[in-house]
Amino acid sequence: MSACVPTRATQPTDSATPERLHQPHSPPPAPRRRFHLAGADVSASIAVFLIALPLSLGIALATGAPLQAGLVAAAVGGLVAGRFGGSALQVSGPAAGLTVVTADLIHRYGWRTTCAITVLAGLAQLGLGCLRVARTALAVSPAIVHGMLAGIGVTIAVAQLHIVLGGTPQSSVLANLLALPAQVAAGRPAALVVSALTLTLLLLWPRLPGRTGRLLRKVPAALVAVSGATAVASLTGLTLPRVELPSWSSHALAGLPEGPALGLVAAVLTITLVCSVQSLLGAVAVDKLVAARAACPDGAEPTDGTGSAAIGSASPTGSTTAAASPATVPSAPRVARSDLDRELLGQGAANIVSGALGGLPIAGVAVRSSANVRAGAVSRNSTMLHGVLVVVAALLMVPILELIPLASLAALVMAVGIQMVSLHHIRTVTRHREVLVYAVTTLGVVFLGVLQGVALGIAVAVATALHRLAHTRITHDEKEGVHHVRVRGQLTFLAVPRLSRALHLVPHGAPAVVELDGSFMDHAAYETLQDWQKTHTAHGGTVAFGGRRPGLRIAEPVIPHADEDADCRCGPWTPWRNHQCDLTSLAPVTTGDADSRRTDTVIATSTSTSTSTSTEPGTGTGTHALTPTPTRTRTRTTATENTTPESADAKSADVPPDDTDDGRNRDTDRKETDPPPTAHQLVRGISAFQRNTAPLVRDELERLAREGQRPSQLFLTCADSRLVTSMITSSGPGDLFVVRNVGNLVPLPGEDSGDDSVAAAIEYAVDVLEVRSITVCGHSGCGAMQALLNAEPGEAHTPLKRWLRHGLPSLERMADDGRPWARLAGRAAADAVEQLCLTNVVQQLDHLRAHASVDRALRAGALELHGMYFHVGEAQAYLLTEGKVFDHVRPVDVPA
């Protein structure tokens, strides 16, 4: 049967059969939705279940709650929060971040009252969700959140260390530390052996080498560690405490809250705060992880820029190994972004149900969520199915669960607590000068409690912000006759007196440079600088404004002499011929009398520019390097209205009649659009870099000079001048090891290749620099591909022709009808040249695999290969998928 023939039979015309099943002029009934469970969701739910089962028991053990409470919370988190939450792929359950809070509540109020507090906290979350204030929680400083998690992690690790050693933890961190020597001296070898085995498996399982190790790593490390320790303890007959799950008929449910009203209110607020913030931040992190997964269609594991997976996935508790299936994501349905208000409502409903059924408080869990995303989940069905599996395990696997030693669960939870103190977070807050906020929050949570520690962190964060706003460092010094006034920090009215004193140290008539290093300036400071500038220039002095942030310039700098370099404020990515301040359009104009005349810059009107520039006196300039906006530039002249012809002649007399003065003088016979001499463009570009960009990158380049280059990517692309690799990849110094040649070709290895430069670069990048990926990037309108298509047999063997022979396999591949053509997503290739450009990228990737160093790294799992196509006219990048389709690179949220 032809594929074009409809397979549904024609409806009979028998009068007994109604022709319509709905009334005339009414819309047809909506089709019934059929439940569809994707295979990726099934595999992801199993991976998450295998992680959640031991962790839920371990967290319940750490809080002192009934162990069944952890299973209840895991099941409710999967079913309720998974169904009604706003994040499709976030997995909720008992979280390690709630361990300290819950343990304190159980110790203070008892289990039944703690369940009631959980219910009340859920109601509070529902109220916050209805008020749509979810995004307000994201305003909390990351240093406070990271400090809170680090403090909780320290508390968990210290408490569980006692159980690891075979003892019982105390009620506080200080008491646990004081009792630790006696616990070590007690020496319980059975518990110590089981704990050591658990930790060893946790650490070594994710690092199994080779292809077999890659297959074994699909089993979560947490499950392997607990199962291995349980098997050893059972087979050797070790006597030590094990999991005890009482009958469900005796399971305690929530009761009426008992205790002081103020304490109960504080407890509800604490649970609400910790659950909400952790869940909302987790939802945002899951969105980023999903976006990174979509941007890595070949199965590459997305990272957070530090080499580790985005939300705690480098942990040995199973978050990396939980990526059970390297499923290709491009064919998967699109996952919607999280609705944070709905997520808050879903978390509130889950806490109400969990508390009512005698479960632990619930929040989004990073370890399970990252495992869910990496296992290829495509909908909330995976989260819900994991909850069903937990229910089945809680009802049918009780005899197996009761074999687990408590020391093994304690070791697992202790490892989770240690990983909550993230070195990456510490480096981040240190770089942003928020280490004090982080440290105070961490210590406050450890020694005072979660709510008190967070309150201290907020207070220190506010005080730090006020200190930065009020504290400004202003210095004055003189170098080679030029007076430098440097302002470090925010320039507000509080710093105006010190600013005035520094400015008045500059003598009249002296050249001065004011460097502004800050992101804010109020009106009082602005007027002070403007008034001083006018006064200083009126007395024959010169003023130039600079600093690390060009957007803070107050006015166009005054050029003291006509033969000095004019100040260029165009962005780093502005093409030379589009520079507003190009050499051919700059002309010195002297104003004033002979004794006190100065030279200003006249900027000619241009048809287009890559930066937004304002040259009105006193208005300042602002440039943005990566977001060019076409604007019109107004011509500025400083000549007075009563200029006489004689004065005009005097000005023109200063201008030689030719262009022999490095192009600085005006030539009325020369068209404005003519490009300036190339040498002047190069010199001017270097000068602009030294003045504007070098101060921004000097610290980073100094670090790279000390440490050497450690690029993570080898980027092999064409020598075409339109491909600015650092611009289209938003990379900086030290990120990319770039190899450029005509046609982005990779000659096959061997003596007959006739070229070793590319092979040497590949070997150096893979074996010495140990790059983690290689990208071959082609582009539209490639001249090398055009030359290949237009080549005539028998032409002279010039160096270019000899080089382009390495592209002949691409021509043969495109002509081979047995191979599917590489194509762009959503459309066919525009012409044969574009088709060859796409095919060439695929072919050169095959050439790469033929190199010995690349082959070794690929087999060891230490290297990834990527294909990329850049359409110059569209300014659009496409990444190659496994189906030989170049797909759009979609926008990805970047953390601030």
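Only heavy atoms go into these numbers, but all of them, side chains included; no hydrogens, no water, no symmetry mates.
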Return yes if some donor-acceptor pair links the side-chain N/O of [X] with the main-chain N/O of [Y] below 3.5 Å, else return no.
{"X": "Glu343", "Y": "Ser87", "answer": "yes"}
{"X": "Arg380", "Y": "Gly82", "answer": "yes"}
{"X": "Trp205", "Y": "Thr200", "answer": "no"}
{"X": "Arg433", "Y": "Val429", "answer": "no"}
{"X": "Thr441", "Y": "Ile144", "answer": "no"}
{"X": "Arg242", "Y": "Leu403", "answer": "yes"}
{"X": "Trp111", "Y": "Gly64", "answer": "no"}
{"X": "Asn351", "Y": "Gln347", "answer": "yes"}
{"X": "Arg217", "Y": "Leu208", "answer": "yes"}
{"X": "Thr230", "Y": "Val226", "answer": "yes"}

So do [Y] and [X] actually touch side chain to side chain, heavy atoms under 4.5 Å?
{"X": "Val365", "Y": "Val91", "answer": "no"}
{"X": "Leu360", "Y": "Ile59", "answer": "yes"}
{"X": "Leu165", "Y": "Leu180", "answer": "yes"}
{"X": "Thr168", "Y": "Ile163", "answer": "no"}
{"X": "Thr114", "Y": "Thr63", "answer": "no"}
{"X": "Leu401", "Y": "Leu71", "answer": "yes"}
{"X": "Leu120", "Y": "Leu264", "answer": "no"}
{"X": "Leu423", "Y": "Arg427", "answer": "yes"}

Query raised in the report: Could you go step by step and tell me if Val413 and Ile156 meet the side-chain contact (heavy atoms from CB on, under 4.5 Å) rule?
Result: CA-CA 7 Å; Val413 178; Ile156 292 172; 3.5 Å; yes
Heavy-atom count around [X] [atom1] within 6.0 Å, excluding the residue itself: above 12?
{"X": "Leu215", "atom1": "CG", "answer": "yes"}
{"X": "Leu262", "atom1": "CG", "answer": "no"}
{"X": "Glu258", "atom1": "CD", "answer": "no"}

Rounded to the nearest 0.5 Å, what separates atom [atom1] in [X] from atom [atom2] in [Y]?
{"X": "Ile362", "Y": "Gln278", "atom1": "CD1", "atom2": "CD", "value": "12.0 Å"}
{"X": "Leu357", "Y": "Ile352", "atom1": "CG", "atom2": "CD1", "value": "11.5 Å"}
{"X": "Ile117", "Y": "Arg112", "atom1": "CD1", "atom2": "CZ", "value": "13.5 Å"}
{"X": "Leu192", "Y": "Leu240", "atom1": "CG", "atom2": "CG", "value": "11.5 Å"}
{"X": "Gln419", "Y": "Leu202", "atom1": "CD", "atom2": "CG", "value": "8.0 Å"}
{"X": "Leu89", "Y": "Ser370", "atom1": "CG", "atom2": "OG", "value": "11.5 Å"}

Query raised in the report: Between Ile51 and Leu55, is a side-chain contact (heavy atoms from CB on, under 4.5 Å) present by the stated rule, with each step listed?
Result: CA-CA 6 Å; Ile51 295 174; Leu55 279 179; 3.7 Å; yes
Heavy-atom closest pair, residues [X] and [Y]:
{"X": "Ile106", "Y": "Ala65", "value": "CD1-CB, 3.6 Å"}
{"X": "Ala124", "Y": "Thr272", "value": "CB-OG1, 3.6 Å"}
{"X": "Tyr438", "Y": "Val421", "value": "OH-CG1, 4.2 Å"}
{"X": "Gly355", "Y": "Val119", "value": "C-CG2, 3.6 Å"}
{"X": "Ser382", "Y": "Asp41", "value": "CB-O, 3.5 Å"}
{"X": "Ala74", "Y": "Val390", "value": "CB-CG1, 4.0 Å"}

Requested in this report: Please lay out, stage by stage, how Val145 and Val277 fare under the test side-chain contact (heavy atoms from CB on, under 4.5 Å).
Outcome: CA-CA 8 Å; Val145 177; Val277 172; 4.1 Å; yes
In terms of side-chain heavy atoms, does [X] have a donor or acceptor partner in [Y] at a distance below 3.5 Å?
{"X": "Gln125", "Y": "Ser276", "value": "yes"}
{"X": "Gln90", "Y": "Ser279", "value": "no"}
{"X": "Thr198", "Y": "Ser408", "value": "yes"}

**Report entry** Sequence neighbours excluded, every pair satisfying side-chain hydrogen bond (donor to acceptor under 3.5 Å, both in side chains) that has a member inside residues 179-195
**Finding:**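 Counting only pairs at least two positions apart or across chains, the side-chain hydrogen bond (donor to acceptor under 3.5 Å, both in side chains) contacts touching residues 179-195 are His162-Gln183, Gln183-Arg188.
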Requested in this report: Give the C-alpha distance, both sets of side-chain angles, the deciding distance and a yes or no for side-chain contact (heavy atoms from CB on, under 4.5 Å) between Ser45 and Leu389.
Outcome: CA-CA 8 Å; Ser45 66; Leu389 294 176; 4.3 Å; yes
